[in-house]
Each structure stands twice: as C-alpha cells, then as structure tokens.
Amino acid sequence: MRREPIDPAGIEWTRVSPKYLRVRLVGWAIGSLIFLLIFSVPLVLLLTGVLPRFPFLLAWLLPAVVVIFAGWRGLLLPRQVRAIGYAERNEDLLVRQGIFFQRTMVVPYGRMQYVDVAVGPIERALGLCTLKLHTASPGTNAEIPGLPSSEGARLREQLSARGEAKLAGL
Amino acid sequence: MTGAVPDPAVLSASPEEWKRVHIISPLVRGWIAIAALIFFGGRDWFEGLLTGEPGGFRGEGVGNLPLAIAIVVGVVLLIAAGFFLSWYYTRYQVTEEHVRVNSGVVFRQHRQARLDRVQAIDVVQPFLARLFGLAELKFDVADAGESAVRLSFLKLGEAQKLRATILARAAGVVVDPEHPQDIPEAPEREVLALTPARVLGAAALSGNTVAVVLGLIGVVVFAFALETGALLAAFVPILIGVVSGYWNVLNTGFNFRAAISPDGIRIRYGLLDTRTQTVPPGRVQAVGVVQSPLWRLKGWYKVTVNVAGYGASASGEAQARATLLPVGTLDEVLQVIALVLPDPGTDSPVDVFSAGLSGRDSVAGFITTPRRARLIAPLAWRRNGVAVTDTALLARSGAWWRQVAVVPHERTQSLALHQGPLARRFGVADLILHTTPGPVSPRVRQIPEADAWRLFSEEAGRAADARRRSGPEQWMRPVPAQEQMEETDAAADAPVMPAPPSYLEGPDHERS
C-alpha cells in the first residue's frame, strides 16, 4: 500500500484480516437498507395514493440520493479496511486508519491502563475480534478491528506484558 | 494491617483507630431538606391559621390538633433518628497506606483508597458548615472525577491536621517513631493574591457581559419594533442565568490566593463557601491559558489545569476546581505556570511563554501554520503554532479567544496525527495530545506536514525519556541513590520550604 504523507517513515504496518471487510459490508448493508426504507416512505405513500399531493420529484429524489450515497460508501469500504493498520515498536504501539480523514496514533506501552478484546456475532462467525486500548485519557480511542482471534489474543498478552514492564504512573 | 476483610469488628481492633465525623454533620448536609419541610409544613399551618381552619386537616374540626402535633413530633423524631444512624454508621480510618470510609445504614459502603495514589486533596467549607466551624475533606484519586473519599464534616482544625497527615504519608515523609502523631503541616509561602477589584473587573469584562449586552439590544429592538413589552418578560429567565453566572465568577474568584508548599500548590478561594485545594507535585497533567476578547484590554488571562482526579464535569464547582488562576496579568500567569512547571526547559522561558500567550508568527521558536494554508485558517493562521522546550510542549491557537496549552512531556498519554482532505491539499496536519479529562484539550493546529510528523515521532520518544527521568510518585521520599547511610537523619527533618520557582529571576531576564 502507498505510504500516506503523515505515516512515519520506516514503519511496516500490519494490516488487519481481509475478512474484516465482510463484517463492515454486513454493517453497511443493514445501515443502508434502514436508511433506504426510511427515505422511501414518501414514495410509497405517493404511489399508493395516500399522499397524492407530495412532490413527485422529491419522492424519487430522496431514495435515489440514499442509494448513491450508500453505493459511494460501499465502494470506499475495501480501501478503508486496507487503510487500517498497526505496528508494534519497542516503546509504543502505532495505529492508523482512514483514507480521507487519516489518523495515526501512538500509544506508549507504559501508558496503557487496560486492553479490551470485544467480539461481535459476525466477527465471531468469521473468527475475528476487536482490540481496544485504554489510557488515562478518554481521547485515546485506539481500536484495532478485524484481528484474527489468535492474533488478538497474542497482541493482548503482548501488550499487557509490555505495559507491565514499562508501567509508569500518571 | 492484618484485617484485609472489610469487617468493622476486625478492623476496629487494628492500631489505627476508626473515627466518626462530627455529630451535627447530617444536619449540615441535610439542612435543605429540613428547610423545605419546615417551609411547606409551616405554610399550610400558617394559611390554616389565617383562614380559620385547622392546618392541613380541613373540615375535621379543632379536635385533631393533638394528632397534628403528634405527627410533627413523629416526623422530627424520625429525621433525628435517621441523622443519628447515618452519623453512627459513618466511620473513617487513615492508616499508613490507605484511607478507608464506611458509610450507609441499609446499603453499606466500604471504600478504600491508596494514599500514594492521591491526585488532589480539598478542604471545603460550605457556608452553613463555616458557621459551625466545620469543614469537608475531599480526597481525589485518578478516576472519572467522583471524589474517592469525602469526609463531611470535621472540625476545621481536625480536617487540616488530617490533610497534613495524608499528604505526609502520601509524600513518603518518614515520621519520628517516638511521636507518630506529630506530623507538622508543611509550611507554605504565598505567591499571589487577587484583589476584589480585579475579580469584579474580570466578571464585568467576561464573555457573559458580551452576551448580556447583545441580548439586551436584541430585546429592546424587538420591543420597540413590535410595540409590545411581552418580550421583556422572556428576558427574565435569561437574566437569572446571567446573574448566577456572575455569582459563580465572584463566589469562586473572591479571596483567591495561591501558595506553594513542599506538598504542592495550594489555592484558596470563596466568598460564602470557601475551599482550599492542594495539588501535590507532578499531579498537573496539562495547563491551559485563555484570554477572552474583552480581557485583552486589560491584559488578563485565565489559567486552568487538568488534574486526573478533578474530572471533566461542566458544573460550576468542577470548573472552579480546575481553575488555577481565575484572572491574572502576564507576570502572574508566568508565576503560576512556574509553580506547575518549575523547570521550563528553556533558557528564555519568559520569551517563549509570552509568545505563547499573546505572540504571533514564529517568534521564540514557534512553528506556525504556513502561509500557503492561510485559506483554511484565515484568522488564526499566524497564531496557530507549537513550541517545544526540553520539558514541555506549548500548543498555541485562537485569534480572538487566545489560548495556549502547556503539556509536560512526561504527562502525555498518547498522541495522534489527524489530516483531512482539505488539510492534505494544503500540506498541513493537526497533532493532538491526549491528556486526562479536564478543561484543557491540547491540539496543535494546521502545522506543516513534515513538522507534524517530526514532532509526532520525536514527542513519543521525548515523553518516554521524560517519564524515565521523572520524580517518584512519593515526592518527599528520599532518593535512595546517594546518602543511604544518612537517610534516617535527613528524613526526620521537617519539610524544607522551597523558594517559589519563578521564570522572572533567570540569569538574563530584565523585564521592562
């Protein structure tokens, strides 16, 4: 993958499992469907004759916009998943995400208060998990989604061990 | 301590005795409920007198007067019993390592906090408690902002003594084994005090005033345009809010005094309710200095801090607690920052911090938004900036509401680089420093990509280095590296009063 301008040099990013794309796709499909249903209500009412005065153009425009927007988001998903990466360094963990709004975060091991591993139903079916790091700051929302379960468990143990070794106060 | 089980019977046998708070505490805490009861009960009875009907029992005749009296007496006894029980079941204990509080009658609560985890300790005197000479002791640890331990209420002297004991033990001061109870209160030296005139002036020139003036103009214009006074009535609730806003500023800024002691920074303030806060060394996570537009006329600034125990609540009390200096001149602000950051890590701290407070462009080593990116920050691009000293990072922003955040390197939790599509087009990025919850949220805005990236990687390393060098959690504990033999001697001494650190007495700083 192309190195983005704000990525530190000399970092080998570990990418998350490509299967994570399916998790995102399911979430995307459900979300898009709900939005489509909500924005199709005027059209349905118009066609069934409940609201005959509703502007014809607007009734068709609303669902069309939703479809276009959802399609655009769907097209971005593979790239978004590929943009998620993490790198373990000696002193800290780097996490990056995003293509348009890019974010690179560094969390020192000594600052980690606790590490969460969460598994949702779709993730469980695919053998994935989400790892979340917490420091004393609520601003640290470092999340690594779509890790294979074994890698998640390894990373959790690794982070805890390193956190213990380098533990600092506040 | 052998009693690890939170059982009062076992614990009461321990050498550190369990104590109770002052017996009238529930009364002071519950006075609002009592006042309400008297008000509503009394009003009914009074109205009954006036209309010639027996109070509260309309149509049942005068014969029920004894019953009414019995009910009143019963209610009073019930309240008294409740107060007595709540007092009886609230006990506290301060051991070498912990402070414990047991409370609750039906739902018992046993709470224990480690002394060396103290982030801040307050002695608070609400108005009524002040009349009785009582005070509340609050002990904060690093959680989401709820005080870990509240002892309400103790006699003021007792609360101060307890604070000294807790701080001494948290600091690791070794007490004289012959007289373990003799813990001297750490001496303190006053650094600055605010005059009432300054506090009044600050309130008058605050953002509140701008809102009031604009609101008044709007209402008057509408009233004339519509030829109706109805809108004036709508202004009343707003007025109440504004008045309470002013009151808050006055009540928390009045009598403000800051002092330095070996136990850390100590600030006192309050008009009716008074509060003394102590923040031990190394507990301040970030410092923010802001200046609202009207304050620029007088050159005033406000200093706020993030302390792990204070939390991020938006209530007036929480904001007052996180305020290190409600209103101060440049010199006073520098003095206060010097208390928090005794080693500025630069040869010309006055220049650097002045540039941070009111400067523009790349004076004193600031990196600012490049000219090419001025379109995405049309007003603030000359003001946005960052400077790094050996011990701290300064993030400056805001053209109208000037602000600067100072974060000591060893207090940085984590860092993030953000870049949106527009910022990428102009080759700039934001650097965000994560700190504990509080009013200061340091963000370096729109600096050149390359600089942001360099800062990002360097800052992570610098923070790690600074953490390795930073002092012990127990700030008075003798450093074991040298003088192992004489440790006991040195430790027995009372804490020595340090001179308040200042940036103004540097080798080559002649301020005009």
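Convention: sequence-line order gives letters A, B, ...; per-chain numbering from 1.
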(request) May I ask you to check whether over 12 heavy atoms, not counting those of F69(A), lie within 6.0 Å of atom CZ? (result) no

(message) To the closest 0.5 Å, what do you measure between CG (L415(B)) and CE (M105(A))?
(response) 9.0 Å

(request) Hey, could you give me the CD/CD distance between Q413(B) and Q113(A), rounded to the nearest 0.5 Å? (result) 6.5 Å

(message) So does F100(A) get a backbone contact from the side chain of R424(B), meaning a donor-acceptor N/O pair under 3.5 Å?
(response) yes

(message) Report which part of T412(B) has an atom under 4.5 Å of a heavy atom belonging to chain A: side chain, backbone, both, or neither.
(response) backbone

(message) Within the 3.5 Å criterion, strictly below it, is a donor on S414(B) or T135(A) matched to an acceptor on the partner's side chain?
(response) no

(request) Over all heavy atoms of both residues, which pair between T104(A) and F456(B) is shortest? Give the atoms and the distance, please. (result) O-CE1, 3.7 Å

(message) Check this for me: R73(A), atom CZ, are more than 12 non-hydrogen atoms of other residues, nucleotides or ligands nearer than 6.0 Å?
(response) no

(message) So, taking the atom named CD in E91(A) and the one named CG in D465(B), what distance separates them when rounded to the nearest 0.5 Å?
(response) 8.0 Å

(message) Nearest 0.5 angstrom please: F101(A) CZ to Q419(B) CD, how far?
(response) 11.0 Å

(request) Please indicate whether F426(B) has more than 12 foreign heavy atoms, meaning atoms of other residues, nucleotides or ligands, lying under 6.0 Å from its CZ. (result) yes

(message) If you count heavy atoms of other groups shown closer than 6.0 angstrom to CD of E97(B), is the number above 12?
(response) no

(message) Nearest 0.5 Å, please: how far is CG in N141(A) from NE2 in H434(B)?
(response) 6.5 Å

(request) Check whether more than 12 heavy atoms from other residues, nucleotides or ligands sit under 6.0 Å from atom CZ of R425(B), and answer yes or no. (result) no

(request) Considering non-hydrogen atoms only, spot the tightest contact between A460(B) and D92(A) and give its length. (result) CB-OD2, 3.7 Å

